[in-house]
Asks: 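If you scroll down you'll find the structure; I have some questions about it.
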Amino acid sequence: MDRRAFLRKPASALVAPAAAVPEPPAPGTDPPAGSGDETVSRYANTSLPTAPRSTAGLNPYTGPWGYAQAAHLLRRSLFGPTRAEILTAAGRSLPQVLTTLLTAPAAPAPPLNVSATDTSVPLGQTWVTQAFDQNFEGVRRSSLRAWWLGQLLGQGPSLVEKMTLFWHNHFVVELGDINDARYGYQYCALLRRHALGNIQRLAEDVTVNPAMLRYLNGNQSTATAPNENYGRELLELFTVGKGPLIGTGNYTTYTEADVQAAARVLTGWRDNATTQAGYFTASRHDTTTKTFSSAFQNATISNQTDQEYKALIALVFRQQETARFLCRKLYRWFVYYVIDATTETQVIEPMAQLLLQSNYEVAPVLRALLGSEHFFDNVNMGCVIKSPLDFTVGTARQLQVAFPAATNVTAQYAMWNYLNGVTNVQQQLLGDPPNVAGWPAYWQTPQYYEMWINAVTLPRRNQLTDLLISNNGYTTSGATIKIDPIALVLALPAATAADCNLLIAELARLLTPIQLTPTQLTYLNDTLLPGLPDFEWTIEWNEYLAAPTNAAKRAAVQTKLQSLLRTLMGLAEYHLS
């Protein structure tokens with residue numbers, strides 16, 4: 001098929017089926033409280049595609065396995081796989097690679113103080129166990145964001161960091177809103193601990209996590225004044241989701257009465273700034289029996305004091321629609337935003353049943369999805385627009401940008417913080433999705449990922465790659481980061497590095513998920529060797545290898561490689577995963 005013609009299709013022609021998209025709100029009704037303005041766009045009227053994108057299902061992939069397939073898997077599973085990581089994966093079997101991806105590494109050490117402003121601990125030591133102090137909050141939050149970004153850069157061959165970000169976009173808190181970086185760290189650690197584990201257990205733990213209690217006002221909820229914020233988002237955004245509207249505020253999956261009952265179940269929880277934990281106060285808890293609607297089989301939950309929230313989570317996770325809702329979100333995160341009727345039947349439903357059979361362990365579902373015929377269908381390769389984090393971290397990793405070592409922790413964190421600033425201007429700030437629904441590019445119809453590219457963000461992306469490929473790079477705290485194109489090429493096989501066409505092809509297959517056209521490859525050749533024959537590159541490269549300390553010979557090949565990489569990173573295909 002014409003891959004570029006497919007990518008040029010308007011999003012309105014590639015939408016979810018009516019069965020997978022809830023009905024719009026009834027005329028004259030308001031969006032549910034706590035959902036924000038995003039609710040309206042979730043229910044935008046859409047037309048159905050005339051044919052399924054893919055007829056492949058969840059059967060295990062048994063087709064060819066090599067560089068292209070390994071690169072596709074790692075592009076979706078990691079933040080910018082390096083050439084070495086792709087080659088390693090290609091040299092192993094798909095089941096072996098999946099096992100590695102689904103193996104969680106040891107938990108990282110906590111973030112460190114890198115600012116003289118925070119006098120609670122010396123520079124280079126962690127602040128996460130110190131008392132809260134508003135005077136230190138700003139620099140601690142910067143430290144937390146920088147540390148988190150550093151985890152993405154040093155992720156290793158594991159899905160943990162990609163899934164930690166997934167859960168952050170799902171069980172959303174905003175670090176700026178909770179105003180306690182220590183709570184933010186505990187929240188991050190919780191997501192990472194459960195990243196590849198049991199979703200129901202994660203939902204239980206996040207419900208009474210101090211960051212969530214503060215973010216959605218659970219710490220204010222009492223028997224006499226139940227706060228509905230968390231109960232509403234638990235149902236609407238975190239678990240069963242909205243089915244078709246059946247009345248004012250009522251959906252096939254839950255009703256307003258269910259939100260109110262859930263709020264009453266959750267009364268009595270508060271956050272303790274000293275212990276950095278949620279705790280239960282019996283005198284603030286509603287001890288009456290809570291009755292749910294027919295959407296929950298008219299279930300009741302009686303008083304169970306500090307264990308009652310677990311009964312609520314168990315009730316919600318018994319609903320098959322919870323499994324489907326979660327699987328759709330996983331699908332959009334790893335595969336594509338369009339879920340047509342065929343995909344719903346052949347991929348989402350089997351995933352949901354597997355999730356239920358696995359008692360909500362996410363790893364078996366990820367193994368099935370990422371190892372499926374559907375995932376490796378050609379139509380699902382190179383069709384996702386990179387998020388700002390994928391783009392920025394991926395650029396640094398794939399082009400082997402060297403960051404300051406841990407021995408210079410101030411410069412190291414300063415560079416990580418710089419990248420957070422770069423992603424922020426691209427409209428994705430780690431730790432602060434715009435609202436409780438997460439980043440709109442993951443849910444807002446019909447654009448989805450296309451929202452990452454606009455008149456503001458595209459120039460910012462180009463500015464980053466242009467800066468990193470320049471001679472000066474970016475400097476702060478006495479350190480500099482930049483792309484070293486010669487080091488990048490030296491890591492290639494000697495014959496590839498010395499042949500301009502092999503070199504271009506090798507860099508293109510690393511940096512672009514779609515095979516470039518002959519016209520594009522010719523253009524890249526002309527960029528590397530403007531007006532010169534192909535053998536000129538071989539001569540100049542060999543002359544450099546013979547005298548690597550000769551400034552003129554080094555500059556000759558470096559300038560050409562900088563032009564080549566700048567052009568490659570300027571292609572539309574470079575923004576795809």
Side-chain angles (χ1 to χ4, degrees), residues 74-83 85 142-156 161-166 168-169 175 188 333 384-404 411-434 438-442 449-470 472-477 479-485 488 507 510-513 565-566 568-577:
L74 297 189
R75 284 189 183 106
R76 300 293 175 84
S77 303
L78 307 177
F79 293 91
T82 65
R83 179 174 179 272
E85 287 170 338
S142 294
S143 166
L144 174 60
R145 290 189 208 279
W147 169 85
W148 196 346
L149 194 284
Q151 304 313 308
L152 307 191
L153 281 168
Q155 64 199 304
E161 292 306 325
K162 204 66 175 270
M163 283 300 295
T164 299
L165 185 64
F166 172 83
H168 172 44
N169 182 69
L175 298 181
C188 292
W333 189 261
V384 171
I385 295 175
K386 295 175 184 174
S387 71
L389 282 165
D390 269 317
F391 181 85
T392 302
V393 176
T395 294
R397 294 190 83 249
Q398 290 196 303
L399 293 164
Q400 300 179 17
V401 174
F403 286 81
Q412 184 184 61
Y413 272 60
M415 288 302 180
W416 293 345
N417 195 49
Y418 164 69
L419 292 190
N420 273 323
V422 168
T423 65
N424 188 22
V425 296
Q426 295 174 39
Q427 300 175 356
Q428 188 180 31
L429 179 60
L430 190 59
D432 271 274
W439 286 287
Y442 296 117
Y449 317 139
E450 296 170 22
M451 297 181 70
W452 291 131
I453 303 292
N454 56 54
V456 173
T457 63
L458 183 57
R460 296 295 191 177
R461 292 182 177 219
N462 293 335
Q463 287 166 11
L464 171 68
T465 53
D466 285 351
L467 177 63
L468 291 180
I469 197 58
S470 69
N472 294 329
Y474 174 77
T475 299
T476 188
S477 300
T480 299
I481 57 170
K482 61 182 178 179
I483 297 166
D484 184 344
L488 189 69
L507 292 175
L510 171 66
L511 300 178
T512 63
L565 288 172
R566 185 180 293 109
L568 254 174
M569 293 186 292
L571 295 176
E573 287 81 356
Y574 183 67
H575 297 268
L576 299 177
S577 171

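Hydrogens, waters and symmetry mates are skipped; everything else that's a heavy atom, side chains included, is used.
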Asks: Quick check: do L78 and E85 have side-chain heavy atoms less than 4.5 Å from each other?
Replies: yes
Asks: Could you report the tightest heavy-atom contact between N169 and G438, atom names first, then the distance?
Replies: OD1-CA, 3.4 Å
Asks: Answer yes or no: is there a donor N or O on one side and an acceptor on the other, between the side chain of Q428 and the main chain of N424, under 3.5 Å?
Replies: no
Asks: Is R460 reaching over with its side chain to a backbone N or O of Q426, donor-acceptor style, under 3.5 angstrom?
Replies: no
Asks: Does any non-hydrogen side-chain atom of V456 lie less than 4.5 Å from one of Q427?
Replies: yes
Asks: Which heavy atom in I453 sits nearest to a heavy atom in H575, and how many Å separate them?
Replies: CD1-ND1, 4.1 Å
Asks: Counting C-beta onward and ignoring hydrogens, is there a side-chain heavy-atom pair between I481 and T476 closer than 4.5 Å?
Replies: no
Asks: If you take all heavy atoms of N420 and R145, which pair is closest and at what distance?
Replies: ND2-O, 2.9 Å
Asks: Which of parallel (below 30°), tilted (30 to 60°) and perpendicular (above 60°) describes H168 and W439?
Replies: perpendicular
Asks: Taking all atoms of both residues into account, what is the closest heavy-atom pair of L389 and L149, and its distance?
Replies: CD2-CD2, 3.9 Å
Asks: Any chance you could lay out the side chain to side chain contact (heavy atoms under 4.5 Å, CB included) test for I469 and M569, step after step, and finish with the verdict?
Replies: CA-CA 10 Å; I469 197 58; M569 293 186 292; 4.0 Å; yes
Asks: Considering only heavy atoms from C-beta outward, does the side chain of S577 approach that of P513 to under 4.5 Å?
Replies: no
Asks: Let's go through W416 and F403 carefully: what are the C-alpha distance in whole Å and the side-chain angles of both, what is the deciding distance for side chain to side chain contact (heavy atoms under 4.5 Å, CB included) to 0.1 Å, and is it a yes or a no?
Replies: CA-CA 9 Å; W416 293 345; F403 286 81; 4.2 Å; yes
Asks: If every non-hydrogen atom of R75 is compared with every non-hydrogen atom of L510, which pair is closest and at what distance?
Replies: NH2-O, 3.3 Å
Asks: Test side chain to side chain contact (heavy atoms under 4.5 Å, CB included) on L565 and L507; report intermediate values, then the result.
Replies: CA-CA 8 Å; L565 288 172; L507 292 175; 4.1 Å; yes
Asks: Using a strict cut-off of less than 4.0 Å between a Lys/Arg side-chain nitrogen and an Asp/Glu carboxylate oxygen, indicate whether K162 and D390 qualify as a salt bridge.
Replies: yes
Asks: Relative to the ring of W452, is the ring of Y442 parallel (under 30°), tilted (30 to 60°) or perpendicular (over 60°)?
Replies: perpendicular
Asks: Could you go step by step and tell me if Y449 and S387 meet the side chain to side chain donor-acceptor pair (under 3.5 Å) rule?
Replies: CA-CA 7 Å; Y449 317 139; S387 71; over 6 Å; no
Asks: Once rounded to the nearest 0.5 Å, what's the spacing between atom CG of L144 and atom CG of L430?
Replies: 8.0 Å
Asks: Should K482 and N472 count as side-chain neighbours, where that means a heavy-atom distance under 4.5 Å?
Replies: no
Asks: Looking at F79, I'd like to know if the NZ or CZ of K386 sits under 6.0 Å from its six-membered ring centre while staying within 45 degrees of the ring's axis.
Replies: no
Asks: Is the side chain of E161 donor-acceptor paired with the backbone N or O of L152 at a distance under 3.5 Å, no angle test?
Replies: no
Asks: Between T164 and C188, what is the shortest heavy-atom contact and its length?
Replies: CG2-O, 4.4 Å
Asks: Taking the side chain as C-beta and beyond, is there a heavy-atom pair between Y574 and L576 under 4.5 Å?
Replies: no
Asks: Stepwise, does the side chain to side chain contact (heavy atoms under 4.5 Å, CB included) test hold for L511 with L399?
Replies: CA-CA 9 Å; L511 300 178; L399 293 164; 4.1 Å; yes
Asks: Which is it for T82 and Q400 under the side chain to side chain donor-acceptor pair (under 3.5 Å) test, yes or no, and what are the steps along the way?
Replies: CA-CA 8 Å; T82 65; Q400 300 179 17; over 6 Å; no
